[in-house]
Amino acid sequence: MSLLELKEVTKSYQFEDTEVTVLEKISFVVEPREFVCLVGPSGCGKSTLLKMVTGLSAPTAGRFLYRGREITGINREAAMVFQSFALFPWLTVRQNVALGLEALGLPKPEYERKADYYIDKVGLDGQEEAYPRELSGGMKQRVGLARALTVEPELLCMDEPFSALDALTATNLREEVIDLWQDKTLPLKAILMVTHSIEEAVFMADKIIVMSTRPGRVTKEIEVPLTRPRNMKEEAFMQVTDEIYSLIVSRAEESKGEAI
Amino acid sequence: MKDKIKQYASSVIFIILLFAALFVTLQKRLHFGGVVDLPTEVSNLPAYAFYSFSRMLAAYVLAFIFSITYGMTAALKRGADKIMLPILDILQSVPVLGFFPAAVFFFVNLMNGSRIGVEMASIFLIFTSQAWNMTFGVYESLTTIPKDVRDAGNVYRLVGIERFKRLLMPSCTSKLVYNSILSWAGGWYFLVACEIITIGSVNLRLPGLGSFLLQTSQRGEIGLTLLGLAVLIFIIVVMDVMLWRPLTVWSQKFRYEFAAAAAARQYHRSILLRLFLRVRSFGPVKKTLHGAFMVLRSPGALVGGVTVGVVGVVKRSSVFGAVRPYARRFFWTAFAIFSAYLIFLAASALVGVLSRPFPVEAYRIPGALAASGARLAVAYVIALAWTIPVAVKIGHSSRAARLMTPVFEVVASVPATALFPLMAFYVVTYTGSPDLVAVLLVLTGMQWYLLFNLLAGVSAIPNDMKEVAKLHQVKRWLYWRRIVLPAIFPSIITGSITAWGGGWNALIIAEYFKFRGRTFSVFGIGSFLDQATYRTGNTQLILLALIGMVGVIFTINRLFWRRLYNEAAKRFTIEY
């Protein structure tokens with residue numbers, strides 16, 4: 001059974017007198033042990049989609065199935081990593097990471113032990129007592145990652161997790177995320193990541209879902225035929241990226257033509 | 001260290017000057033013509049409303065000009081903030097009501113005791129309830145212009161009037177509009193105190209809504225009071241719908257934020273603005289307004305252009321260049337000598353008064369201060385207890401915020417001071433405790449500052465953080481403890497500072513009041529001051545009480561609130 005299944009998901013907002021459709025009839029599946037990337041121009045509703053997967057917002061029409069059951073309310077099997085990190089500046093690294101466990105009502109020694117375990121996993125050992133303002137951007141996002149992992153989700157949602165980081169830090173962190181995903185000791189089953197970087201998507205994903213804008217639709221689903229570890233300089237890698245680029249560009253020109 | 005000394009020195013000197021002005025006032029007895037009793041017919045109401053509104057408008061225009069000049073100088077002149085900010089801080093936290101006599105004396109004398117002088121004094125008093133927060137707003141927005149934007153301004157050589165028009169004014173707009181709303185609310189609240197001027201035994205009433213409200217409520221004419229109140233609320237609501245809401249929406253476009261989408265959505269929510277944009281029949285109105293603007297603009301531009309030209313020519317001339325350094329040095333030396341002389345005069349006058357043996361009553365001042373402080377603390381706790389939950393509830397729902405904020409703004413504008421005699425009468429008759437009444441009135445002077453600051457704080461919590469909390473199902477007490485309370489902590493502090501300022505001010509009318517010829521009074525610094533002014537007229541006592549009060553406020557602010565604020569700013573500020 002698929003882990004996550006979207007069936008003709010549509011989202012629209014009432015904007016004054018007119019109804020604006022952000023997402024139209026989106027359908028795709030995320031299988032267990034699959035890394036899926038959503039790629040598309042800004043404004044195509046990628047982030048809105050993630051919010052619905054985690055249960056923060058509900059679709060106007062269509063269905064979200066998680067392991068065959070409809071998602072209503074917060075999806076407890078999913079966790080989220082934010083572009084802005086969304087750390088609480090007044091909490092230490094440990095308190096930030098442990099927040100979800102504390103909310104579950106775990107006793108303090110237990111949630112602290114667990115938080116420390118994941119802080120160690122993301123390579124922040126020794127920073128448990130630090131405050132977010134004392135950390136670099138890359139370290140902050142590691143805290144965000146650890147916070148998502150501590151609740152031991154099956155599905156990890158990431159909303160442009162590397163776009164607020166400098167290129168070098170992003171490169172390192174990308175590889176570490178893949179390592180974590182391949183780590184068989186974690187209950188993590190799949191990752192659904194939103195990005196606007198095609199190279200990033202091809203580097204990380206098993207399956208890429210290309211979206212168009214206004215309204216957001218699925219243009220194409222592409223299985224990435226590359227083996228891991230991947231290298232951005234290989235011929236095969238560049239072929240895949242070129243294919244997606246031309247897809248997006250031709251879509252854009254098409255819509256320009258429509259406008260005229 | 002040097003800055004610290006500068007700050008303290010300027011504060012102390014400023015306080016001495018304030019007291020000296022007050023002292024000079026109290027030495028003289030005034031004779032002026034004014035109305036002692038107002039006709040309170042219903043037919044007078046429209047005229048009264050018009051008078052009050054005009055006073056408010058005049059005071060607001062002054063406050064607007066003051067806030068821009070003072071705020072800009074403090075923000076842009078290097079080193080100016082070290083001196084100008086502490087002074088502003090004192091002006092904001094000093095109970096201005098206590099210094100009313102000084103202002104009245106000055107203006108009435110200036111106009112040889114005519115009615116115009118009294119009007120000017122009244123406008124000045126309203127001004128003091130409007131100007132400070134606007135000035136802080138201007139200062140804050142100028143010092144927080146993003147560096148990139150400032151650099152861009154420099155790169156493209158924005159100077160003089162162009163810089164003012166394209167960079168400085170737009171940066172202040174959003175905060176100026178927001179603070180203008182609060183200032184008008186504050187002005188209405190103090191309207192009563194500003195239209196009835198008491199010096200010694202002279203009690204003057206200017207025709208206006210404030211004095212109408214107080215007089216009818218003192219006489220127990222509830223119907224008339226309610227009618228006056230209805231007129232006031234009508235004005236406030238009309239201003240809100242016709243002026244503040246469109247302005248608020250319009251000012252959103254000047255904010256340095258990347259929340260463009262949200263702003264655009266807001267833009268369409270102002271009914272009036274939408275009508276203005278959509279309805280055809282507004283075309284002629286728009287054209288007329290535009291025409292009027294253009295007509296006014298060209299002479300304005302002419303005068304401005306000529307001034308700039310002349311100044312430029314003078315500045316570039318060699319004579320000016322040669323004389324300039326000397327002229328400047330001469331000016332500052334003269335200014336320094338003159339100020340030193342003034343300060344010396346003031347200080348010696350004060351020492352003269354204070355070195356006389358203290359009357360017995362003077363030893364009750366510390367006790368009175370403590371009693372008043374306790375009353376304020378009780379009111380403060382009550383205010384916190386209701387504003388925090390309400391602000392958090394409302395701030396978490398944009399719908400509730402949109403519905404409730406204007407309601408709160410209207411309620412906050414109602415001059416509780418006018419209703420006070422009525423309120424007091426019922427509370428005293430039912431509970432027999434004038435203490436409770438005093439606490440209640442002080443509460444009306446404190447709670448709104450807290451509420452509005454908290455609302456701003458709650459709505460500033462980033463959406464991502466709220467989503468994290470939702471995803472991890474952080475709820476109830478854990479949500480409060482880990483997320484909401486730390487996030488709004490800085491707002492609680494700023495709200496508390498202004499609330500205590502408002503509280504001390506309200507004390508002066510809260511502890512001593514009249515209703516149907518009866519006088520109610522509770523022991524405290526407010527009633528102490530009132531009695532010293534009305535009954536004995538003892539200058540030394542008034543000065544001692546005020547010095548005690550200002551001293552306590554200043555110490556609490558410096559030693560407690562400022563430190564707490566700095567700590568909060570360091571730990572709890574959300575950087576995005």
Side-chain angles (χ1 to χ4, degrees), chain A residues 13-18 20 22 42-43 47 50-51 53-57 73-92 95-106 111 131-135 137 140 143-144 147-148 150-151 153 156-157 159-160 164, chain B residues 249 257-271 273-275 277-278 396 398-399 457 460-493 564 567-576:
Chain A
Y13 291 101
Q14 195 68 32
F15 193 82
E16 287 307 308
D17 315 328
T18 49
V20 179
V22 184
S42 54
S47 301
L50 272 198
K51 271 182 197 166
V53 171
T54 52
L56 278 172
S57 124
I74 300 295
N75 182 358
R76 306 220 64 162
E77 297 300 334
M80 178 95 147
V81 174
F82 293 81
Q83 178 183 4
S84 64
F85 320 136
L87 302 179
F88 299 99
W90 47 84
L91 300 181
T92 61
Q95 285 172 323
N96 262 299
V97 172
L99 190 65
L101 301 174
E102 212 180 342
L104 286 176
L106 259 56
Y111 70 65
Y131 285 94
R133 64 171 172 276
E134 299 158 5
L135 305 178
K140 279 183 192 156
V143 179
R147 178 173 62 191
T150 30
V151 293
L156 182 63
C157 298
D159 191 358
E160 307 210 359
Chain B
V249 169
E257 267 161 6
F258 303 104
R265 223 173 297 136
Q266 274 281 316
Y267 194 72
H268 289 277
R269 286 237 167 83
S270 162
I271 305 164
L273 201 66
R274 220 163 73 208
L275 276 179
L277 291 173
R278 277 195 197 162
H396 273 76
S398 60
R399 214 179 108 80
I461 301 176
N463 221 10
D464 281 359
M465 288 194 178
K466 290 183 195 159
E467 283 179 359
V468 169
K470 258 193 221 156
L471 278 178
H472 291 293
Q473 312 213 322
V474 182
K475 284 177 189 161
R476 286 182 213 103
W477 176 229
L478 188 69
Y479 183 62
W480 281 82
R481 192 161 52 109
R482 287 277 192 249
I483 294 161
V484 173
L485 288 179
I488 62 173
F489 193 70
S491 315
I492 296 181
I493 308 282
L564 209 57
E567 193 58 29
K570 210 167 69 195
R571 281 200 54 187
F572 297 109
T573 305
I574 301 165
E575 290 160 29
Y576 259 81

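Letters A, B, ... mirror the listed sequences (proteins, then strands); counts begin at 1.
- Side-chain contact between B:Gln473 and A:Arg76 is present, with at least one heavy-atom pair separated by less than 4.5 Å.
- A:Leu87 contributes atom CG, which lies 7.5 Å from atom CE of B:Met465 (distance to the nearest 0.5 angstrom).
- Side-chain contact between A:Asn75 and B:Leu471 is absent, with no heavy-atom pair separated by less than 4.5 Å.
- Looking at A:Phe88, the atoms closer than 4.5 Å to chain B (heavy atoms on both sides) sit in the backbone and in the side chain alike.
- Nearest approach of A:Ala86 to B:Val468, heavy atoms of both residues: CB-CG2, 3.7 Å.
- Taking 4.5 Å as the limit, every side-chain heavy atom of B:Glu467 sits out of range of all side-chain heavy atoms of A:Ser57.
- How far CG of A:Leu56 is from CG of B:Asn463: 9.5 Å, rounded to the nearest 0.5 Å.
- Highest contact tally toward chain B, considering only A:Met80, A:Arg147, A:Lys51, is held by A:Arg147 [criterion: heavy-atom pairs under 4.5 Å].
- The contact between B:Lys470 and chain A is made by backbone and side chain atoms together, counting heavy-atom distances below 4.5 Å.
- The main-chain N or O of B:Arg482 is found under 3.5 Å from a side-chain atom of A:Trp90 such that the two form a donor-acceptor pair.
- Of the atoms belonging to A:Gln95, it is side-chain heavy atoms, and not backbone ones, that fall under 4.5 Å from chain B.
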